[in-house]
Participant: 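This structure is in structure tokens; I'll ask about it shortly.
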Amino acid sequence: MDEKKTIFSGVQPSGNITLGNYLGAIKNWVNLQEEYRCIYAMMDLHAITVRQNPQELRKRTLDLLKIYIACGIDPEKSLLFIQSQVPHHAQLAWVLNCYTYMGELSRMTQFKDKSSKHADNINAGLFTYPVLMASDILLYQADLVPVGKDQMQHIEITRDIAERFNGVYCQEGNPVFKIPEGFMPKAGAKVMSLTEPTKKMSKSDENPKAYISLLDDLSVIEKKIKSAVTDSEGVIEYRPDDDAKAGINNLLTIMSAVTGKDIDKIVAEYQGKGYGDFKKDVAEAVVEEIRPIRARYDELSNDKQYLVDICEKGAIEASKIAGRTLSKVYKKVGFVQ
Ligand code: AQP
């Protein structure tokens, strides 16, 4: 019997992966591979809550797998699969929809943000997105879910749904669902936009200057950081509660997440120096972090069969695990099996 605890996480192929997705989630996943049984998916079902171009979605899904591997996720150690290739996710989501309240879903910040951004397409999938996410996590009996700060509210609702279901059907003990914990990195849990630093960096931002994509040319990454919005005060200080300082706070956070140095130490190193010097060093640190990822990504680019094989093998393995949970759920709710 496998004694390791289980990790589940994923990213939507809804755009090119940003430095935010990397620092908030994927970088963290890599370090967990030795200690945990890790399951990481390409969340294409989630991506269609916003309109996607079909060809691009297909391409981005495999590109995302390449990014996972290029960032250091080892397909021999971690289970990797495409969400839509494991039907149990959609099946469990339907059941759990019937155990989730409209009121709790309407409080979700992401739903509010995305429905104001996509006012012409406020679809039911966007509303029930957290239920699908709960299903993703609960199917694998995950102990830990490494995510950025924006997703912590969805982990909370996952816990609530799981506890509710267990409460209805498993009063005698032996719960169907394990209650998962969210897990955020020390630095980089919320990387902000480079152009509007009070807003989260997002891969679907219409302004490409707002985010750094791991697939941007290295020279473009450098330029984007050097032109990041800051303030006119000219002092490198970390004041997380001061919106006027949001640009510098963000660059300090990025520097800390990339170098592993504490923010206080970075601030001390830049005392008396200007924003120009600081931005140059942040740009260099980010470029050096991304350079080897890009090199590995480019190597993988020509090997489509290798990627397809990983997905096929992953979907079979994931279906076995997910099938066990789904069958317990079906039994509990009274479906004939
Ligand atoms: N800015 C961010 N800083 C830190 N972590 C972040 N994450 C997202 N943005 C940041 C984390 O990345 C993981 C994957 O996110 P997702 O693809 O599932 O969806 P998202 O959170 O909605 O990310 P985006 O980039 O903002 O996508 P779009 O633009 O499509 O909505 C999650 O762990 C998330 O916390």
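This is a predicted model, so every value here is computed, not measured. Both counts, for ligands and for their atoms, begin at 1 and track the order of listing.
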Participant: From atom 26 (O) of ligand 1, work out which of M192, Q110, K200 has a heavy atom at the shortest distance.
Facilitator: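 Minimum heavy-atom distance to atom 26 (O) of ligand 1 goes to K200.
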Participant: If hydrogens are left out, which of V191, I155, I17 has an atom nearest to atom 3 (N) of ligand 1, that is, the closest non-hydrogen atom?
Facilitator: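 Minimum heavy-atom distance to atom 3 (N) of ligand 1 goes to V191.
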Participant: Test your reading of the structure: does S9 have an N or O sitting under 3.5 Å from an N or O of ligand 1?
Facilitator: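 Checking ligand 1 against S9, no N or O pair falls under 3.5 Å apart.
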Participant: Looking at T325 and Q141, what are the two nearest heavy atoms and their distance?
Facilitator: OG1-NE2, 3.3 Å
Participant: Y297 ring centre to K66 NZ or CZ under 6.0 Å, with the angle to the axis within 45°?
Facilitator: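 Yes, K66 and Y297 form such a contact.
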Participant: Do R51 and H118 come close enough that some side-chain heavy atom pair is under 4.5 Å?
Facilitator: no
Participant: Which of the numbered atoms in ligand 1 are under 4.0 angstrom from any heavy atom belonging to M201?
Facilitator: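 Listed by number with element, the hits are 1 (N), 2 (C), 9 (N).
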Participant: Distance to 0.1 Å, residue and atom name: give those for the protein heavy atom nearest to atom 35 (O) of ligand 1.
Facilitator: D150 OD1, 2.5 Å
Participant: I need the N207 CG to K199 NZ distance, nearest 0.5 Å.
Facilitator: 8.0 Å
Participant: Determine, considering heavy atoms only, which of S193, P13, G182, G20 sits nearest to atom 6 (C) of ligand 1.
Facilitator: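 That would be G20.
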Participant: Can you sort out which atoms of ligand 1 are near K114, meaning under 4.0 Å from one of its heavy atoms?
Facilitator: 22 (O), 28 (P), 30 (O), 31 (O)
Participant: Please list all pairs meeting salt bridge (Lys or Arg N to Asp or Glu O under 4.0 Å) that have one or both residues in residues 92-117, counting only residues at least two apart or in different chains.
Facilitator: E104-R164
Participant: Looking only at N/O atoms, are K117 and ligand 1 under 3.5 Å apart anywhere?
Facilitator: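 No.
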Participant: Could you list the atoms of ligand 1 found under 4.0 angstrom from a heavy atom of G188?
Facilitator: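 Here the atoms of ligand 1 in question are 4 (C).
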Participant: Can you pull out the closest protein heavy atom to atom 30 (O) of ligand 1? Residue, atom name and distance to 0.1 Å, please.
Facilitator: S14 OG, 2.6 Å
Participant: Do F8 and D143 come within less than 4.5 Å of each other through their side chains, counting heavy atoms only?
Facilitator: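 Of all side-chain heavy-atom pairs linking D143 with F8, none is under 4.5 Å.
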Participant: With a cut-off of 4.0 Å, which atoms of ligand 1 are near a heavy atom of G10?
Facilitator: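 Reading through ligand 1 atom by atom, the close ones are 14 (C).
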Participant: Would you say H154 and Q151 are linked by a side-chain donor-acceptor pair, where the criterion is simply a distance under 3.5 Å?
Facilitator: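 Checked: Q151/H154 side chains pair up, N/O donor to acceptor below 3.5 Å.
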Participant: Which of the numbered atoms in ligand 1 are under 4.0 angstrom from any heavy atom belonging to S202?
Facilitator: 24 (P), 25 (O), 26 (O), 29 (O)
Participant: As a check for students: among V145, N21, I26, identify the option with a heavy atom nearest to atom 12 (O) of ligand 1.
Facilitator: N21
Participant: Ring of Y36, cation from K77 - is the NZ or CZ under 6.0 Å from the centre and inside 45° of the axis?
Facilitator: no
Participant: Within this structure, what is the CG-CZ distance for the pair L105 and F111, rounded to the nearest 0.5 Å?
Facilitator: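 One gets 8.5 Å once the value is rounded to the nearest 0.5 Å.
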Participant: Would you mind finding which of L19, V11, N16, V147 brings a heavy atom closest to atom 14 (C) of ligand 1?
Facilitator: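 It is V11 whose heavy atom sits nearest to atom 14 (C) of ligand 1.
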